[in-house]
Amino acid sequence: MKPGECSPVEGGSRAGLPELEGLKARAAECIDGAAGRLGALSQAIWSQPELAYEEHHAHRVLTRFFELEPPAASWAVQPHYLLPTAFRAEWEAPAARAAPRPLRLGFLCEYDALPGLGHACGHNLIAEVGAAAALGVKGALEGGPEPAPPVKVIVLGTPAEEDGGGKIDLIEAGAFKNLDVVFMAHPSQENAAYLPDVAEHDVTVKFYGKTAHAAAYPWEGVNALDAAVLAYNNISALRQQMKPTWRAHGIIKNGGVKPNIIPSYTELIYYFRAPSMRELPILTKKAEDCFRAAALATGCTVEIKGEAHDYYNVLPNKSLWKAYMENGEKLGIDFISEDAMLNGPSGSTDFGNVSFVVPGIHPYFSIGSSALNHTEEYTAAAGSQEAQFYTLRTAKALAMTALDVVFKPELLERIQEDFKSKLQEEDFLTTVD
């Protein structure tokens with residue numbers, strides 16, 4: 001076989017369990033066959049980090065990857081899909097063209113970096129995992145049973161996870177409409193099929209006062225820095241009454257100009273997090289009261305502006321994560337316990353919003369390093385050769401899980417039932433086509 005090619009799977013016209021295992025082996029083989037190209041893709045993104053909505057190099061590298069993926073023109077690629085640095089690449093089995101409702105599997109790529117740190121969250125590896133898993137599913141189905149099931153494999157390039165929420169922009173533009181299940185994976189320090197990523201609301205707080213000479217006649221001024229400091233301390237005092245699962249963290253971005261000038265303007269940026277979208281508004285209201293109290297105490301006026309998008313908590317899909325764990329364990333992945341998984345530390349992601357629109361999985365995977373995300377050490381680990389083994393192994397587990405969804409209708413039904421059940425628990429009304 002040539003590099004990147006996969007061997008055909010022997011079997012009958014329909015994929016029984018023995019044949020399904022053969023298809024999974026073929027998917028893994030296809031990923032191994034493309035390992036060189038996938039590693040180069042990751043390195044190209046890692047070596048030139050770009051911030052949210054500015055991922056022009058990563059966008060070019062990824063779209064070119066799918067445009068050149070053999071056999072030629074097998075992917076229909078839409079660059080600049082709904083956003084300047086988003087893309088969509090689609091492959092469909094021949095049977096999908098005639099099917100009234102083919103199964104649509106989505107694989108998500110992230111590729112934005114952090115300011116000053118580069119790819120300290122490993123988004124170059126997220127892009128690689130999404131691309132690799134999609135290639136594995138496509139390769140398995142191309143050489144699988146005849147007739148091939150009516151399936152579309154869709155890769156979405158989703159910019160701006162670290163700041164702004166590109167997936168939310170894409171949801172609003174209709175990019176996730178009609179997808180049946182979505183897959184992605186995030187590098188971390190451990191292997192977890194799910195972590196309870198929480199809801200997040202970001203605010204910018206601006207205090208306006210009045211300048212005066214700080215030594216000659218300070219009584220003529222209205223000190224916006226005092227308001228900022230009081231606000232910061234108010235939030236700190238609020239922590240006593242915050243639930244253990246709530247988080248509030250912020251900075252003073254602008255604290256004045258010179259010590260001898262009473263500051264007339266200050267600015268803070270705060271992130272607030274809670275386990276669910278039900279709790280988040282409660283925390284946000286308490287915090288806004290802290291900001292307004294600081295303005296009242298100092299005589300300043302205050303402007304509180306929330307970001308355009310809130311990040312939702314990630315809805316768990318137990319049927320999907322169990323299938324992923326079964327496949328991962330066959331590949332030697334050692335997962336943390338379910339108790340550790342459900343009670344472990346976590347951050348926030350715009351994948352949470354996706355999980356309210358379409359069933360999906362967002363597992364975490366070790367890259368063989370004890371370094372923590374958002375550090376210089378993790379930047380180095382994300383670009384290391386050692387990370388490649390773990391990244392491609394995770395991609396294989398995702399591809400194998402996607403094949404379970406294709407060939408086990410009862411699994412897809414359970415996934416959809418789990419999805420609807422979690423939406424009801426959240427008291428969240430949505431329409432899924």
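Only a predicted model underlies this, so the values are computations on that prediction, with no experimental measurement involved. One is the number of the first residue; the rest follow in order along the sequence.
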query = Quick one: does K286's side chain get under 4.5 Å of D289's, heavy atoms only?
reply = no
Sequence neighbours left out, cut at 3.5 Å: what donor-acceptor pairs do the side chains of residues 221-231 make with other protein atoms?
residue, atom, partner, partner atom, Å
N223, OD1, L225, N, 2.9
N223, OD1, D226, N, 3.0

ask   = Is the backbone N or O of P244 less than 3.5 Å from a side-chain atom of R247, with the two atoms forming a donor-acceptor pair by type?
value = yes
key: Any pair counted as ring-ring contact (aromatic ring centres under 6.0 Å, His included), so long as it reaches residues 281-311, sequence neighbours left out   = Y270-F291
ring-ring contact (aromatic ring centres under 6.0 Å, His included) contacts touching residues 228-252 (sequence neighbours left out) = H249-Y271
inquiry  = If the condition is salt bridge (charged side-chain N to carboxylate O under 4.0 Å, His left out), which residues does K420 pass it with, not counting sequence neighbours?
reply    = none
ask   = Please walk me through it: do N191 and D334 pass side chain to side chain donor-acceptor pair (under 3.5 Å)?
value = CA-CA 7 Å; N191 296 299; D334 185 18; over 6 Å; no
inquiry  = Going by the rule salt bridge (charged side-chain N to carboxylate O under 4.0 Å, His left out), which residues pair with E90 if we only count those two or more places apart in sequence or in a different chain?
reply    = R88, K152
request  = Not counting sequence neighbours, which residues clear ring-ring contact (aromatic ring centres under 6.0 Å, His included) with H80? List them please.
outcome  = H59
message = Determine whether E128 and T391 satisfy the following criterion, side chain to side chain donor-acceptor pair (under 3.5 Å), listing intermediate values before the conclusion.
response = CA-CA 8 Å; E128 183 181 3; T391 301; 4.6 Å; no
Under 3.5 Å donor-acceptor, N178 side chain and R104 backbone = no
key: Distance (rounded to the nearest 0.5 Å) between R393 CZ and L398 CG   = 12.5 Å
task = Please name all residues satisfying salt bridge (charged side-chain N to carboxylate O under 4.0 Å, His left out) with R64, sequence neighbours left out, ordered by chain then number.
result = E67
inquiry  = With heavy-atom distances below 4.5 Å as the criterion, would you say the side chains of I154 and L105 are in contact?
reply    = no
query = Between Q43 and G383, what is the shortest heavy-atom contact and its length?
reply = NE2-O, 2.7 Å
request  = Only counting residues at least two apart or in another chain, list the ones meeting side-chain hydrogen bond (donor to acceptor under 3.5 Å, both in side chains) with S319.
outcome  = D418
ask   = Does Y312 reach the main-chain N or O of E200 with its side chain, forming a donor-acceptor pair under 3.5 Å?
value = no
note = Closest heavy-atom pair, V198 versus A274, reported as atoms and distance to 0.1 Å, is CB-O, 3.2 Å
request  = Return the set of residues passing ring-ring contact (aromatic ring centres under 6.0 Å, His included) with Y81 (not counting sequence neighbours), or none when no residue passes.
outcome  = none
key: Validation row: L117, Y378 side chains within 4.5 angstrom (heavy atoms)   = no
request  = Using modelled atom types only, decide if a donor and an acceptor are shared between the side chain of N260 and the backbone of A214 within a distance under 3.5 Å.
outcome  = no
message = Is it the case that the side chain of E50 and the backbone of H56 share a donor-acceptor pair, with hydrogens and angles ignored and the cut-off at 3.5 Å?
response = yes
query = What residue among Y324, W321, Y194 forms ring pair (Phe, Tyr, Trp, His ring centres under 6.0 Å) with F335?
reply = Y324
inquiry  = Tell me whether R292 is salt-bridged to E288, with the criterion being a basic N under 4.0 Å from an acidic carboxylate O.
reply    = yes
Heavy-atom closest contact (I235 atom, C290 atom, distance) = CD1-CB, 3.8 Å
Lys/Arg-Asp/Glu bridge criterion (N-O < 4.0 Å) met for E417, K318 = no
Throw together a table of side-chain donor-acceptor distances under 3.5 angstrom for residues 202-213, partners on residues two or more places apart or in other chains.
residue, atom, partner, partner atom, Å
H213, ND1, A215, N, 3.0
H213, ND1, A216, N, 3.0

ask   = Given N327 and K24, is the side-chain contact (heavy atoms from CB on, under 4.5 Å) satisfied, shown in steps?
value = CA-CA 9 Å; N327 287 301; K24 291 180 181 181; 2.9 Å; yes
ask   = Do other residues, nucleotides or ligands put more than 12 heavy atoms under 6.0 Å from N343 CG?
value = yes
ask   = What do the steps show when you test I126 against L108 for side-chain contact (heavy atoms from CB on, under 4.5 Å), and what is the final call?
value = CA-CA 8 Å; I126 296 177; L108 310 186; over 6 Å; no
Side chain T375, main chain L372, donor-acceptor under 3.5 Å = yes
query = Heavy-atom distance under 4.5 Å between the side chains of E425 and S421, does that happen here?
reply = yes
ask   = Is a donor on one side and an acceptor on the other found under 3.5 Å between the side chain of R239 and the backbone of A248?
value = yes
note = Heavy-atom nearest pair, E162 first then D112, reads N-OD2, 2.8 Å
key: Minimum heavy-atom distance L82-A173, with the two atoms named   = CD1-CB, 3.7 Å
Output side-chain donor-acceptor pairs under 3.5 Å for residues 358-367, partner residues at least two apart or in another chain, one line each.
residue, atom, partner, partner atom, Å
Y364, OH, D197, OD1, 2.9
Y364, OH, D197, OD2, 2.7
S366, OG, G368, N, 3.1

query = Do the numbers put R37 on top of the ring of F65, so that NZ or CZ is under 6.0 Å from the six-membered ring centre and no more than 45° off the axis?
reply = yes
ask   = Of the non-hydrogen atoms in A192 and I336, which two are nearest, and what is the gap between them?
value = CB-CD1, 3.7 Å
key: Test item: D169 side-chain N/O and I171 main-chain N/O as donor-acceptor pair under 3.5 Å   = no
key: Check: T379 main-chain N/O paired with W46 side-chain donor or acceptor under 3.5 Å   = yes
inquiry  = Show, in sequence, the C-alpha distance, side-chain angles and deciding distance for Y265 and E267, and conclude whether the side chain to side chain donor-acceptor pair (under 3.5 Å) test is met.
reply    = CA-CA 7 Å; Y265 174 77; E267 181 178 335; 2.6 Å; yes
By salt bridge (charged side-chain N to carboxylate O under 4.0 Å, His left out) - contacts of D350 (at least two apart) = K167
message = Between V129 and M184, does the side-chain contact (heavy atoms from CB on, under 4.5 Å) criterion hold? Intermediate values first, please.
response = CA-CA 7 Å; V129 163; M184 67 171 289; over 6 Å; no
ask   = Does the T349 side chain pair with the main chain of G352, one donor and one acceptor, at a distance under 3.5 Å?
value = no
